[in-house]
Amino acid sequence: MDRYNFKLVEQKWQEHWLNKKKFKSKIDKNKKKFYCLEMFPYPSGKIHMGHVRNYTIGDVLSRYKTLKGFNVLHPMGWDSFGMPAENAAKENNLNPKTWTEKNIKVMKSQLQMLGLSIDWDREISTCAPEYFKHQQKLFLDLYDKGLVYRKESYVNWDPIDKTVLANEQVIDGKGWRSGAIVERKKLNQWFFKISQFSEDLLNNLKILDHWPDKVKTMQKNWIGKSYGCEIDFQIVGSEKIKSIKCYTTRPDTLFGFSFLALSVDHPISKNYENNEDFIKFKKECSKTGTTEESIAQAIKIGFKTKLMAVNPLDNNSKVPVYFANFVLMDYGFGAVFGCPAHDQRDFDFAKKYNLQIKTVVKPSDEKDTYKVQNEAYSGPGIMINSQFLNGLIAPEKSIDETIKILEKKNLGKRKTNYRLKDWGISRQRYWGCPIPIAYDEKNNVVKIPEKDLPVNLPKNVNLNTNGNPLDAEKEWQAVKINGKKYRRETDTLDTFVDSSWYYLRFCSSQNKEKPFDYNEIDYWMPVDQYIGGIEHAILHLLYSRFFMRAISLDNKNTKITEPFEGLFTQGMVCHETYKDENNNWINPEEVFSDDGKNYYLNKNPSKKVIVGPSESMSKSKKNTIDPEKIILRYGADAVRLFILSDSPPEKDVQWSDTGISASYKFIQKLWMLNEKIFNNKKKFSKFDEDLEKFTNQIIQKFNQDLERFRFNVVIASIYKLYSFYNSQTNKDDWGSNFYKNYINILKIINPIIPHFSSESLEKLKYGEDTIRWPDIDKKYLQKESYNIVTQINGKKRKVFSINKSINKEKLIEEIKNDDQIKKYLDNKQIIKTIYIENKLINFIIN
RNA sequence: GGGGCGAUGGCGGAAUUGGUAGACGCGUCGGUCUUAGGAACCGAUAGAGCAAUCUGUGAAGGUUCGAGUCCUUUUCGCCCUACCA
C-alpha cells in the first residue's frame, strides 16, 4: 500500500480548480444564493495562522453550501492601502506600491495552497485605481447628499518628527518613533456624518439575529444613547457670558449642585487666552496621558474662574465655575454641573477644592438625615433636601418630574444624547485614497468632476519628508478644472473607508463604469455570512453599516441598509512563548523538547528555555508558526483539519505540534482505509442495518453541527466514522449498502478536507460536479431500542436496554423485579415513580 | 469605574428543551510487532477502593423526583471600554 501523497494530490486539485475556474460565480435566479465573505487581509507580507483559521472557516461553509445546492459567492481581495506599506517603503527606500504588490503575489499563492474555493476573477485591491476611482465617486455622492463636511479638529502632532500620529502610534502620550511628547494640533479635516444615523444604527441591532450578542452589545455601548436634559445655567460675574449650557442625565440632583465645571477647550476658554495661570493649568491638563493607568490615576484638578452659576431651581443658590481636567469637550456641551454627593468624580473634585457636598438622594432603607460620607452614592433611592422633589423615587420618577418642571419654566429641555461622534476620515498620509476635492485661492471647496476620476497618487514621492508627503508635491497639487487653476486636497482617506463598501464591489468587481451594478447587488446582497476577527466588532462593522445606509439614502435603486446578515467572529490562534536566559523572545522553531515540559535551544542543547504562557501569535513575541512551512510539511487538508478541530471556532485555539501531526496521521489512516476498500475482496451480500443507521445518524448530526459552526464537534464525528468503517472492513460481509454509505461519508468530509475527498471520490468514479450533499433517510433516525436509565431517588442505579414496543406498566413492573433494583426497593415504600418515555425511570422511596 | 464572557480529567474540549457527566483528540500507562523507534496496531485512562460502592463540573446556598445546565450570593480568570456628566 502506498502512503497518501498529499503533495501530488493537493497540487493536482488546486491546479484543476484554478484552471477550470471551478468557483466562478454568476447570477442564477433559479438557485438560492449564498454570499460568504471573510474579512479581506492586509497584504503585510505572508499569511499568518489567523488568516488560515479565518479562511478555512469561510471555505468550509462555502463548500458546504455549494454541495447543498446554493449558488455561492465567495470572493477575496486586498485591503492594500495603509501605513505599514508607507513605513516599509521608507525603511527599504522603495515604492509602497511595489512593496504591496509583491506581498499580494506571495499571499495569494499561499492562500491558493490552502485550497480555498475562491472566485479569483472577482479579486480586488483597494490601492488599485480601478477600485478607488469608484470610492472617490462614492465620496462625491455622499458629499452631494450632505453626509460629508469639513471642520476643525485635533490631531496628534509629533513636534520632532513633524508628523501627524495615529492613535496607536501614541504610546504613553509620546510619539512611537521620536519619543517626543505629543501635542494636539488643530487642522481642517473631512468628516462623514455617521451621527445622522445614530438612532437607526442602534435600533437595527435588534434585527441582526445572526450576529453575536457580544458584538451587538459592543456597538450599542459605542453608540452610547443616553436620556437626559440640557440645562441653561444663568451666569453672574461677567459682562460677556450670560449663560452656560450643560447636559445631564441626573437633573433631579440639582439641589445638590455645588459647582459648574468646563472643559479647557470650552469656547469660554477664549476669554482666558491671555491669563498666564490658565495657560499653565491647560498645559498641566494635557500632561495627563491617554493610557489606561494615567486616566485611572488622574487626579482631578480645576481652575477657578470669577464666574458664578445660578441654580435654576433655587435662584438664591450660586456656585463657582471651574475649568476642570475631567470634562470632555466632545461630549454633551463640554460643561457639567457638579453634584458631589451623587457622582464620584464630582465628589473627588469637591473634596479637593472644599466644595459643599449636599446629599439629595438617600437609599430607601435610610433615614431622612442620611448623609453621603466617604464616597458618592449613585444608586436608587428617595429624594431628600430637595424642596418640591422630596419623597420622589429616584432616579426614574424624580428625573421625569424635574425635567417637566424645568421645561415648564423654560430653564431646560429633555434631550437624548449619543456618544457616537462623526467619523473623521482625513489622514495626513501618502499611501491612501486621494480625496477628490480641490480648493481655489480663497480656500473654497470644489469637487473634482467625475470625468477626471480617478485622482491618482503621484509617483516617485519622497516619503522622508516632514508631515504629509503630499504637501510637498506642489506639481501634483496643481489641477485645472474647466480651465481654472485649483489646488488639490492633500489628505487621503482613512483606510476604513476602503473596507466599508468592498463587499458591494465584489458583486460586480469588474464593472469599469460604476462602483457596483444594482442588478448584481439585488441578487447577491446582503452578505449571508461574514467571518472575521472580533477586533473589528466596532469600527469596521459600524462604518460598513453606515456606508450601506449612506448609499441607500434617497436612492431608488436599493433599500438595503444592513450589509451583513450573519456575522461570526473567530478566536485567535495561540502558541506558547519562549525566552532565553537573557529575556529575549525565541521562535518555536529554535527550540526542542523531549518530554513536552522542558525545552532547550536547538543550537545549544545545554541551554534551557523559559516557557511562558500561551498567547496569541505575534511577531513581537516571536511565537508565530509559518503556515506555508506547515502546509508544505503536513499538507493543506491536515492544516484545515487541525485548525478546526481542537477548540470551538469562536474561542482561541492553541497551536500544537502534536495536534497538527495527529491530523496528518489521521488523513494517512483515512487513506489506508480507502486503499483497503478500493482493493477489497470481501462480500457485500446482506443489507447491514446498523451501518445504515449509524451513517444516517452521524450525517444528521454533522449537518446540524456544521450549521451551528461547531466544527470541533463535526471533526469528532469524522473520527467516529473512521473507526466505525474501519471496524466494518474487518467483517467478512461488509453489507450490500456499504459503498453507498461510504461514498456519502467521502462527500460530507469534502468541505473540510476537499483535496482528499475529491481524490477519493474520483477513484470511485465520482466526478466532483456530481457531488451533492447526501440526503438523510429519516426512517433510520428512528430508534427501535432505548436505554432506560433507572434511578432511585435521583441516583443512577442501572441502565436497561428496552424494546420500543414494550408498554409502560409492564416495563416498570419488570424493572422493579430486577435483582439489582429490587435490593434498593425491599422494605421501602415507593412514594412516586417518574417516567420519561424512552429515557428514564426514577423511583422515589422514603 | 462601567459592560460582557467564562470556570468540567494531566491538557484542548463534549453533553437538543434540566434526564447515563467526561464524546472526540492530545498526553500518559500497559501490551503486540520490531535490531531499533519519536513508526504502526491493540487495550486502559476523572478520583478513591481488592470489591460492592462512594465522591466528583471554581465555592456556598436555593428551586426540582432529578442541576454542568435554572435562581441568589461569592471567588478567580479573560476580554471589551474608559473621567460620556
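- The nucleotide B/C33 finds no pairing partner, because no Watson-Crick or G-U wobble arrangement with both distances shorter than 3.5 Å includes it.
- The CH2 atom of A/W655 sits 8.5 Å away from atom NE2 of A/H575, with the distance rounded to the nearest 0.5 Å.
- As rounded to the nearest Å, B/G13 and B/G68 have C1' atoms that lie 14 Å from one another.
- Distances shown here put every side-chain N or O of A/N712 at or beyond 4.0 Å from the OP1 or OP2 atom of B/G12.
- Side chain of A/A716, nearest nucleotide from B/G19, B/C24, B/A85: B/C24.
- Using the Watson-Crick or G-U wobble rule with both distances under 3.5 Å, B/G25 pairs with B/C11.
- Considering only the side chain of A/K669, B/C41 comes nearest among B/C41, B/G19, B/C80.
- Across the C1' atoms, B/G18 and B/C70 are found 8 Å apart, a figure rounded to whole Å.
- Ranked by how close their nearest RNA chain B nucleotide is to the 5' end, A/K823 and A/E650 are led by A/E650.
- Contact annotation: the side chain of A/D346 never approaches that of A/K351 to less than 4.5 Å [non-hydrogen atoms, C-beta and beyond].
- The side chain of A/I834 sits closest to B/C65 out of B/G27, B/C83, B/C65.
- Which of B/G13, B/A85, B/G66 sits closest to the side chain of A/R345 comes down to B/A85.
- Ring geometry, A/F666 versus A/Y722: the interplanar angle exceeds 60°, so the pair is classed perpendicular (tilted spans 30 to 60°).
- In this structure, A/I534 atom CD1 and B/G6 atom C1' are separated by 14 Å, rounded to whole Å.
- Of the listed nucleotides (B/G19, B/A14, B/U20), B/G19 has the atom at the smallest distance from the side chain of A/Q791.
- Here the P atom of nucleotide B/G25 and the CD1 atom of A/I660 are 16 Å apart, to the nearest Å.
- When the nucleotides B/A40, B/G13, B/G19 are ranked by their closest atom to the side chain of A/S647, B/G13 comes out on top.
- Between the C1' atom of B/C5 and the CE atom of A/M218 lies a distance of 12 Å, rounded to the nearest Å.
- At B/C83, none of the side-chain N or O atoms of A/R419 fall inside 4.0 Å of OP1 or OP2 (strictly under the cut-off).
- The shortest distance between the side-chain N/O atoms of A/K214 and the OP1/OP2 oxygens of B/G4 is not below 4.0 Å.
- Separation of the C1' atoms belonging to B/G58 and B/C5 is 16 Å when rounded to the nearest angstrom.
- The interatomic distance linking A/F326 (CZ) with B/C83 (C1') rounds to 8 Å, in whole Å.
- Contact annotation: A/K839 side-chain N/O to B/C65 OP1/OP2 distance is not under 4.0 Å.
- Comparing the same atom, C1', in B/A7 and in B/U74 gives a spacing of 14 Å after rounding to whole Å.
- Side chains of A/Y725 and A/T695: a donor on one and an acceptor on the other come within 3.5 Å.
- RNA chain B is contacted by both A/L328 and A/V799; A/V799 maps to the nucleotide lying nearer its 5′ end (nearest heavy atom per residue).
- Remark: the A/N787 side chain and the B/U20 base include a donor-acceptor N/O pair separated by less than 3.5 Å.
- On the C1' atoms, B/U8 is 14 Å away from B/G47, given to the nearest whole Å.
- Rounded to whole Å, the distance from NZ on A/K220 to C1' on B/C84 is 15 Å.
- Side-chain atoms of A/Y719 lie closest to B/G25 of the nucleotides B/A85, B/G25, B/U53.
- Following rounding to the nearest Å, A/R797 (CZ) and B/G66 (C1') show an atom-to-atom distance of 14 Å.
- Comparing B/U17 with B/U32, their P atoms sit 47 Å apart, to the nearest whole Å.
- Closest contact between the side chain of A/I836 and the listed nucleotides B/C83, B/G19, B/G3 involves B/G19.
- Residue A/F337 contributes atom CZ, which lies 20 Å from atom P of B/C83 at whole-angstrom precision.
- Note: A/F496 and A/H540 have parallel aromatic rings, judged against thresholds of 30 and 60 degrees for the angle between ring planes.
- Look at A/K720 and you won't find any side-chain N or O under 4.0 angstrom from OP1 or OP2 of B/A23.
- B/G68 has its base anti relative to the sugar, with a glycosidic angle deviating from 0 by more than 90°.
- Using the six-membered ring where Trp is involved, A/F259 and A/Y322 have ring planes that are perpendicular, over 60° apart on the 30 and 60° scheme.
- Between A/Y353 and A/F349, the two ring planes are tilted [angle within 30° to 60°].
- Between the C1' atom of B/C5 and the NZ atom of A/K651 lies a distance of 10 Å, rounded to the nearest Å.
- Proximity of A/Y331 to the phosphate of B/A85: a side-chain N or O atom is located under 4.0 Å from OP1 or OP2.
- Listed candidates were B/G13, B/G19, B/C83. Nearest to the side chain of A/N325 is B/C83.
- For A/K796, whose side chain is taken as the heavy atoms from C-beta onward, the closest listed nucleotide among B/G27, B/G4, B/U20 is B/U20.
- Across all strands shown, B/U72 forms a Watson-Crick or G-U wobble pair with B/A60, both key distances being under 3.5 Å.
- Comparing the P positions of B/G56 and B/G2 gives an interatomic distance of 36 Å, to the nearest angstrom.
- Under the salt bridge (charged side-chain N to carboxylate O under 4.0 Å, His left out) criterion, A/E814 pairs with no residue, sequence neighbours left out.
- A gap of 14 Å separates the P atoms of B/G9 and B/G22, to the nearest Å.
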